[in-house]
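Worksheet: one structure, shown below.
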Protein chains: 2
Amino acid sequence: MVKKQLIMDKALELFAKQGFEATSVQQITDHCGISKGAFYLSYKSKDELIISFVDCFMKQIIADIDSSVKDCSHSDDMLSTFFYTTNKAFQDNSTFAKIFFKEQTHTVNENLLNRLSYYDSKVNDIILYIIDHLVLENEKTKFDLLICIKGFMKVYVDLFLIYELPLLDLDILTKSLVEKTNILAKYSTIPFITKESAQILQDHIEGTDNNSKQIIELIEQLIIEIEEPIEKESLELLKNCLQSENNSLAIIKGLLENIKNNPQCKWVAYLIREKYSIQQ
Amino acid sequence: MVKKQLIMDKALELFAKQGFEATSVQQITDHCGISKGAFYLSYKSKDELIISFVDCFMKQIIADIDSSVKDCSHSDDMLSTFFYTTNKAFQDNSTFAKIFFKEQTHTVNENLLNRLSYYDSKVNDIILYIIDHLVLENEKTKFDLLICIKGFMKVYVDLFLIYELPLLDLDILTKSLVEKTNILAKYSTIPFITKESAQILQDHIEGTDNNSKQIIELIEQLIIEIEEPIEKESLELLKNCLQSENNSLAIIKGLLENIKNNPQCKWVAYLIREKYSIQQ
DNA sequence: TATAATAATGACTAATTGGTCATTTGTCAA
DNA sequence: TTGACAAATGACCAATTAGTCATTATTATA
């Protein structure tokens with residue numbers, strides 16, 4: 001629906017300037033040139049807009065990062081691909097990124113907090129997948145490495161978002177981050193985060209895990225929305241695969257290839273890839 | 001004034017739960033058991049409370065970190081001292097720390113943002129002082145190292161603040177962070193942040209620099225407030241030193257020793273130390 | 001005890017908030 | 001042209017906000 005998109009686009013600008021809380025529905029509707037009532041025809045509440053907003057961006061970004069990493073033919077490229085794609089994603093969606101990093105730690109909204117930590121755990125999964133393909137000096141530093149990689153990301157992204165430093169060369173940034181990570185992997189010996197404390201971190205996330213039923217619902221929705229015949233058919237076939245639990249990974253993998261480049265399908269492709277641990 | 005302290009103590013609890021914006025003056029006064037009018041006898045506005053609040057904690061914390069680093073007899077200890085003192089400070093003031101890290105990137109309040117970036121630049125100064133005493137593989141990675149150290153701090157502090165991971169062993173955390181930093185210093189070759197971009201970062205901070213006049217005003221205020229005779233006399237003498245610009249660093253250094261352990265004097269001691277680049 | 005000075009109160013204002021709903025406007029087919 | 005239905009409006013509501021100020025309570029002084 002075109003009105004929904006308009007509201008999101010305009011809300012994006014206001015949220016970036018002021019954050020979620022400080023932006024009123026009135027401001028959004030004024031900025032859209034529509035009435036307050038019209039807003040509530042598109043979204044049940046301000047909260048629903050915020051959640052949709054975060055979902056929309058995070059699904060794209062995470063699916064992009066995951067697919068770029070999982071598509072690496074050599075495990076040597078993973079780290080570099082990860083840093084490049086991640087920085088690129090935040091650069092391309094810099095207005096959203098600004099909001100995301102601000103609200104991540106701040107918001108009081110319980111609903112939103114759960115969403116954010118859900119996506120955070122997905123990022124952790126991707127990074128841990130990469131770390132498992134690195135050669136570590138001490139296997140026990142694994143979770144410290146995870147934390148450090150996230151620290152690198154956070155702090156370099158801050159440079160562009162808070163200090164508005166112009167991003168000159170994404171390639172150098174990537175190389176610099178890859179080097180740092182590899183150095184830590186190679187020479188770190190003193191872990192701080194144990195497996196147990198890592199478990200505590202993971203337990204924080206409530207199980208919004210994706211069972212087949214939820215994925216099938218997503219697929220059905222997409223089948224209605226999507227025009228392209230190949231994507232449509234692939235989705236139908238994927239739906240069948242998920243319903244009859246006897247299915248070939250090869251077929252699923254092939255079908256995913258057909259849909260994964262369609263922006264609307266990215267997220268569902270990611271969920272299925274994750275469900276069946278499909279890589280490379 | 002005792003009422004001011006009461007308000008701060010109670011506000012601390014509410015701010016930690018809800019943040020600055022979401023906490024109303026009414027809530028604070030209810031929590032204090034005083035009337036709304038009484039609040040405005042102590043603080044001109046909610047904004048003034050917030051600024052005082054941040055000032056109060058940050059001055060203590062930064063003065064502590066700086067003095068612990070500058071007091072190191074061996075430059076080998078600096079890094080470890082820095083990480084230990086910093087983590088300890090955030091642990092001891094964990095309620096404040098939680099607020100600080102949340103508001104740092106979020107707040108819309110221009111006034112507050114300026115304060116926060118002022119203190120941020122002070123932390124940068126301390127870290128750069130430490131880095132100047134490290135042996136770097138490539139001198140050009142200096143500013144990247146600064147950024148990484150800040151990333152380490154941010155992300156490990158988050159563990160305790162957001163995920164509420166119990167902090168078991170501060171010594172191990174310190175050792176782990178020291179190792180990581182030393183490794184990066186020793187092996188990093190690819191800088192991303194140039195001297196020029198570092199300059200851009202520094203230029204962000206408006207010059208709230210401390211000239212003698214401001215420092216003297218602070219001293220005069222302290223002389224009135226403070227009881228202890230030695231601190232009082234030392235402050236008087238320091239004031240004279242600052243007024244007559246012909247002064248001996250040795251005398252100033254000695255006088256600072258007399259006052260630096262008094263919580264009320266810490267900040268002014270820090271400012272003087274910084275003004276005359278007094279170390280060790 | 002009487003007077004002056006200070007401290008504290010809480011009802012009040014004006015503005016803003018998210019959200020509602022009776023009313024109006026626009027767009028069709030008949 | 002009419003009538004039916006959907007889309008859009010914005011005045012309105014109850015709640016909440018920061019901040020004020022005439023009034024009252026408390027304390028110190030004479």
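Excluded from the calculations below are hydrogen atoms, water molecules and symmetry mates; all remaining heavy atoms, backbone and side chain alike, are included. Residue numbering restarts at 1 for every chain, and letters A, B, ... go by the order of the sequence lines.
Among residues at least two apart or in separate chains, salt bridge (Lys or Arg N to Asp or Glu O under 4.0 Å) pairs with a member in residues 259-268 of chain B are Asp64(B)-Lys266(B), Asp71(B)-Lys260(B), Glu257(B)-Lys260(B).
As rounded to whole Å, 18 Å separates atom P of dT24(D) from atom CG of Leu41(B). Separating the CZ atom of Phe20(B) from the P atom of dA18(D) is a distance of 14 Å, rounded to the nearest angstrom. The interatomic distance linking Gln27(B) (CD) with dA18(D) (C1') rounds to 13 Å, in whole Å. In this structure, Gln18(B) places its CD atom 13 Å from P of dT16(D), rounding to the nearest Å. Atom pair Ile28(B):CD1 and dG19(D):C1' shows a separation of 13 Å (rounding to whole Å applied). Atom CG of Leu6(A) is separated from atom P of dA7(D) by 16 Å (rounded to the nearest Å). The separation between Lys4(A) atom NZ and dA7(D) atom P is 14 Å, rounded to whole Å.
By the side-chain contact (heavy atoms from CB on, under 4.5 Å) test, Glu227(A) pairs with no residue at all, sequence neighbours left out. With sequence neighbours excluded, the residues forming a side chain to side chain donor-acceptor pair (under 3.5 Å) with Ser234(B) are Asn258(B), listed by chain and number. Remark: Glu13(A) engages Lys10(A), His31(A) in a side-chain contact (heavy atoms from CB on, under 4.5 Å) (not counting sequence neighbours). Under the rule for a side chain to side chain donor-acceptor pair (under 3.5 Å), Thr29(B) has no partner lying at least two apart in sequence or in another chain. Asp47(B) is linked by a side chain to side chain donor-acceptor pair (under 3.5 Å) to Asn109(B), counting only residues two or more places apart in sequence or in another chain. Residues satisfying the side-chain contact (heavy atoms from CB on, under 4.5 Å) criterion with Thr23(A), sequence neighbours excluded, are Leu14(A), Phe15(A), Gln18(A), Gln27(A), Ile28(A). Residues satisfying the side chain to side chain donor-acceptor pair (under 3.5 Å) test with Asp9(A), not counting sequence neighbours, are Gln5(A).
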Could you write out each protein N or O paired with an N or O of nucleotides 10-15 of chain D at a distance under 3.5 Å?
unit_1	atom_1	unit_2	atom_2	d
dG10(D)	O6	Gly37(A)	N	3.4

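The residue Thr23(A) sits close only to the backbone: its heavy atoms come under 4.0 Å of sugar-phosphate atoms, none of a base.
At a non-hydrogen distance threshold of 4.0 Å, Ser45(B), Lys46(B) from residues 45-52 of chain B come into contact with DNA chain D.
Read 5' to 3', the first and last nucleotides of DNA chain C with an atom closer than 4.0 Å to a heavy atom of chain B are dA8(C) to dG10(C).
Residues Val25(A) and Leu49(A) fail the side-chain proximity criterion, which asks for heavy atoms closer than 4.5 Å.
The cationic group of Lys4(A) lies under 6.0 Å from the six-membered ring centre of Tyr43(A) and within 45° of the ring axis, placing it in a cation-pi geometry.
In this structure, Ala22(A) and Lys44(A) both approach DNA chain C, and ranking their closest nucleotides by distance from the 5' end singles out Ala22(A).
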Anything under 3.5 Å between a donor and an acceptor, one on a side chain of residues 50-60 of chain B, the other on a protein residue two or more places apart or in another chain? List them.
unit_1	atom_1	unit_2	atom_2	d
Ser52(B)	OG	Glu48(B)	O	2.8
Asp55(B)	OD1	Arg115(B)	NH1	2.8
Asp55(B)	OD1	Tyr119(B)	OH	2.5
Asp55(B)	OD2	Arg115(B)	NH1	2.3
Gln60(B)	NE2	Pro263(B)	O	3.1

